[in-house]
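Note that the structure is predicted; figures quoted are calculated from it, not measured.
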Amino acid sequence: MPLYEYRCNDCRSTFEVLRPMGERELSALCPSCESRASMPLISRVAATRSTSSATAVAEAPRPSGGCCGGACGCG
């Protein structure tokens with residue numbers, strides 16, 4: 001469920017509400033003044049991008065024997 005940011009039109013405070021995507025445009029109750037005169041804000045999104053074209057692949061752990069691969073100290 002997405003977290004949306006709202007601004008109260010009465011007291012001008014900003015607050016966040018966790019709600020379904022279909023309810024984004026509905027007014028939200030301001031926690032400061034309890035007004036329902038609020039509007040959703042456009043939030044900033046951070047995105048990162050790799051500068052390297054190589055993809056790192058993790059090597060699978062090697063089995064070391066025993067009942068659980070040696071994790072319990074049996075091997």
Side-chain angles (χ1 to χ4, degrees):
M1 199 174 319
L3 183 65
Y4 293 106
E5 190 175 20
Y6 290 84
R7 172 166 295 162
C8 178
N9 292 333
D10 291 338
C11 72
R12 308 301 292 167
S13 68
T14 58
F15 57 95
E16 296 175 335
V17 177
L18 186 65
R19 59 177 16 174
M21 290 171 54
E23 295 179 9
R24 178 185 183 273
E25 296 298 324
L26 298 177
S27 63
L29 182 67
C30 175
S32 298
C33 70
E34 298 184 359
S35 170
R36 287 218 174 259
S38 61
M39 57 188 270
L41 299 176
I42 298 174
S43 300
R44 295 181 186 177
V45 177
T48 60
R49 188 172 171 183
S50 175
T51 57
S52 170
S53 61
T55 304
V57 177
E59 186 177 324
R62 296 180 185 178
S64 60
C67 68
C68 63
C72 69
C74 64

Item to check | Other ILVMFWY residues reachable from Tyr6 by side-chain steps of under 4.5 Å | outcome: Tyr4, Phe15, Val17, Met21
Checklist entry - Which residues pass the side chain to side chain donor-acceptor pair (under 3.5 Å) test with Asp10, sequence neighbours left out? => result Ser35
Checklist entry - What are the two closest non-hydrogen atoms of Leu29 and Arg36, and how far apart are they? => result N-NH1, 3.7 Å
Checklist entry - Checking side chain to side chain contact (heavy atoms under 4.5 Å, CB included) for the pair Cys30/Ser13: CA distance, chi angles, key distance, verdict? => result CA-CA 8 Å; Cys30 175; Ser13 68; 3.4 Å; yes
Item to check | Thr14: side chain to side chain donor-acceptor pair (under 3.5 Å) partners, not counting sequence neighbours | outcome: none
Item to check | Between CZ on residue Arg24 and CD on residue Glu5, distance to nearest 0.5 Å | outcome: 10.5 Å
Item to check | Contact summary for Ala28 and Arg19, nearest pair of heavy atoms | outcome: CB-NH1, 4.1 Å
Next on the checklist: Are the side chains of Ser32 and Cys8 in contact, using a 4.5 Å heavy-atom criterion?
Outcome noted: no
Checklist outcome for this item: Apart from Leu18 itself, its cluster of hydrophobic side chains linked below 4.5 Å comprises Met1, Leu3
Checklist entry - When clusters are formed from ILVMFWY side-chain contacts under 4.5 Å, directly or step by step, what else is grouped with Leu26? => result none
